[in-house]
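Encoded as structure tokens, the structure appears first; notes follow it.
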Amino acid sequence: MFESLSSRFTSAFSSLRSRGKLSNADIENTCAEIRQALLESDVALSVVENFVAQIREQSLAVLPTLQSGSNQGQAIFNIVNAALIEILGGSARRIRFAKNPPTVIMLAGLQGAGKTTLAGKLAKFYADQGNTPLLVASDLQRPNAVTQLQIVGESIGVPVFAPEPGNGVGDPVKVAKSGIDFAKSKLYNMVIVDTAGRLGIDDDLMKQAISIRDAVNPDEILFVVDAMIGQDAVRTSQAFLDGVGFDGVVLTKLDGDARGGAALSIASITKRPIMFASTGEKIGDFDIFYPDRMASRILGMGDVATLAEQAKKAFDGESSAKLEAKFASGEDFTLEDFLEQLQAMSKMGSMSKILGMLPGAGAMKKQIENFDESEIVRTKAIVQSMTPTERRDPKVLNGSRRARIALGSGRKVSDVNNLVDRFSAAQKMMKQVRNGAMPAGMGAMGLPTMPKGPAKAVVHKKKSKSGNPAKRAIEDGQ
Ligand code: GDP
């Protein structure tokens, strides 16, 4: 979502870096560019003015203390990075658990903000950490909110307390209160209360939220806000803060193409931390909000920390260790390994999300948006249509085998040829890396890049004498 902001920041800094020794006028120009970029991203004016004033003051102070232009550029970059982290709330805060369980989390926000979806995500997140959450369906207003929560609860194996059908029937305060009693009696250690929103701020909504708050005495009230509503987010959050009050913010729909102003305005205006980020409709599209990682993304440095965490989760320890050992021992990277990696990558989510976390992603916005997700599915289908022997040793793939694979995967023979050729090229590249050379074109996470378009002609070596891949790798490597 921060692509446009990120590309503006990136270009401001690259022009700053290319300038040699910096003058006060350069600082003023950079500040003007930053100001413009933030305003265009819908950041609240007061936040922009404070932010830019801080950058200007600190930059002008540091400039004379540094001799070289590149040191100056880096120092200003560091100042902006620190200021961004600060307006995003400083450091990440976690949920405060109650001394006497259950810990009660109440969700508040406008209708459609994503509360019910978030209730499920939070429940799953905490259940995975060994907690025993109970979901309470106190949104008795929005059509189907109760059923939606029940379906989410069932899909993640978390019980839902829903004594009323909703759709305008039942007393939400009573449901919330009895939900807490039920959780206590059944020893759940966490209760997540979903509440009703309205399309806009109104008195009824606030009164109901306040009554629920007073009935359940929550440990955390989380204000859930759709990041796509831009400037409105500030007004809405202020109204909720003055009305029901809240302890933390959850930004939803960060996957959308909003300009990101909400994220940058809310923490500094409400003085409440952004605690979680929701980045899609699926249950796993959710994470703790890390101000430093977000600042890093905005500045075009990507979010390598999150990427690494997700990769660790997706690539289970055993297969990574196996692959590493294989690589170290000089064995060939086979199509079987490649398939395993493709499968693990699918677990990490969409390719555009993965690519979006890489440094410089802002500059690749178009390519990332246009990435054809089904390419991975098609590639997987081709590899899955091969026999284990073919996957281990693609050199056995003669014409008739290739025709069979094409038929089995519903692709053309030329697609099979393409994959095999590109794979052989990547395999060769890996061998060079192992032998100490550093060829260009290695993909992220050590995956071979699979560029689209016609593959370069691959010179097929004459068939190896050995049928043993390990031996053959040694033969090929020499
Ligand atoms: P509620 O009225 O606050 O309970 O909102 P819901 O949880 O029903 O969410 C409203 C809509 O937004 C639903 O269609 C959700 O699938 C969708 N939604 C929720 N969170 C996200 C998100 O992070 N990204 C996207 N793209 N959609 C979301």
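The shown structure was predicted, so the numbers you read here are calculated from the model rather than taken from an experiment. Every number for a ligand or one of its atoms is a count from 1 in the order of the listing.
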Query raised in the report: Would a line drawn from the ring center of F276 to the ring center of F286 be shorter than 6.0 Å?
Result: yes
Requested in this report: Could you check atom 4 (O) of ligand 1 against the protein and tell me its nearest heavy-atom contact, residue, atom and distance included?
Outcome: T116 OG1, 2.7 Å
Query raised in the report: Looking only at protein heavy atoms, which one is nearest to atom 22 (C) of ligand 1, and how far off is it?
Result: G280 O, 3.2 Å
Query - side chain to side chain contact (heavy atoms under 4.5 Å, CB included) partner of S41, chosen from I298, L264, L5, V48 - result: L5
Requested in this report: For atom 5 (O) of ligand 1, grab the closest protein heavy atom and report residue, atom and distance to one decimal in Å.
Outcome: G114 N, 3.1 Å
Requested in this report: Mind checking the OH-CG spacing from Y188 to L134? Nearest 0.5 Å is all I need.
Outcome: 5.5 Å
Query - K253 bridged to D226 by N-O distance under 4.0 Å - result: yes
Query - Working for side-chain contact (heavy atoms from CB on, under 4.5 Å), residues M106 and T195 - result: CA-CA 8 Å; M106 171 179 162; T195 68; 4.1 Å; yes
Requested in this report: Output, in order, the C-alpha distance, side-chain angles, deciding distance and verdict of salt bridge (Lys or Arg N to Asp or Glu O under 4.0 Å) for D337 and R391.
Outcome: CA-CA 9 Å; D337 303 321; R391 287 181 208 169; over 6 Å; no
Query raised in the report: Quick one: which of R213, R94, R272, R93 gives a salt bridge (charged side-chain N to carboxylate O under 4.0 Å, His left out) with E220?
Result: R93
Report task. Kindly indicate, with the supporting measurements, whether the criterion side chain to side chain donor-acceptor pair (under 3.5 Å) is fulfilled by Q150 and E154. Result -> CA-CA 6 Å; Q150 282 168 325; E154 199 168 307; over 6 Å; no
Requested in this report: Check ligand 1 against Q148 and write out every atom of the ligand that is under 4.0 Å from a heavy-atom position of the residue.
Outcome: 6 (P), 7 (O), 8 (O)
Query raised in the report: Below 3.5 angstrom, do we get any N/O pair linking L118 and ligand 1?
Result: no
Requested in this report: Please work out which of E281, K253, K121, M228 has its closest non-hydrogen atom nearest to atom 16 (O) of ligand 1.
Outcome: E281
Query raised in the report: Counting only heavy atoms, which portion of L110 has something under 4.0 Å from ligand 1: side chain, backbone, both, or neither?
Result: backbone
Query raised in the report: Distance from F13 atom CZ to E33 atom CD, nearest 0.5 Å?
Result: 9.5 Å
Query raised in the report: Do any nitrogen or oxygen atoms of L254 come within less than 3.5 Å of a nitrogen or oxygen of ligand 1?
Result: no
Report task. Return the residue, atom name and 0.1 Å-rounded distance of the protein heavy atom closest to atom 23 (O) of ligand 1. Result -> S278 OG, 2.6 Å
Query raised in the report: To the nearest 0.1 Å, how far is atom 7 (O) of ligand 1 from its closest protein heavy atom, and which atom is that?
Result: T117 OG1, 2.5 Å
Query raised in the report: Which ligand 1 atoms are under 4.0 Å away from a heavy-atom of K115?
Result: 1 (P), 3 (O), 4 (O), 5 (O), 7 (O)
Query raised in the report: Looking only at protein heavy atoms, which one is nearest to atom 2 (O) of ligand 1, and how far off is it?
Result: G112 N, 2.7 Å
**Report entry** Nitrogen or oxygen of D255 less than 3.5 angstrom from that of ligand 1
**Finding:** yes
**Report entry** ligand 1-proximal atoms of T279, by part, heavy-atom distance under 4.0 Å
**Finding:** backbone
Query raised in the report: Among E40, E28, E49, which residue meets the salt bridge (charged side-chain N to carboxylate O under 4.0 Å, His left out) test with R35?
Result: E49
Query raised in the report: G197 near ligand 1, heavy-atom distance under 4.0 Å?
Result: no
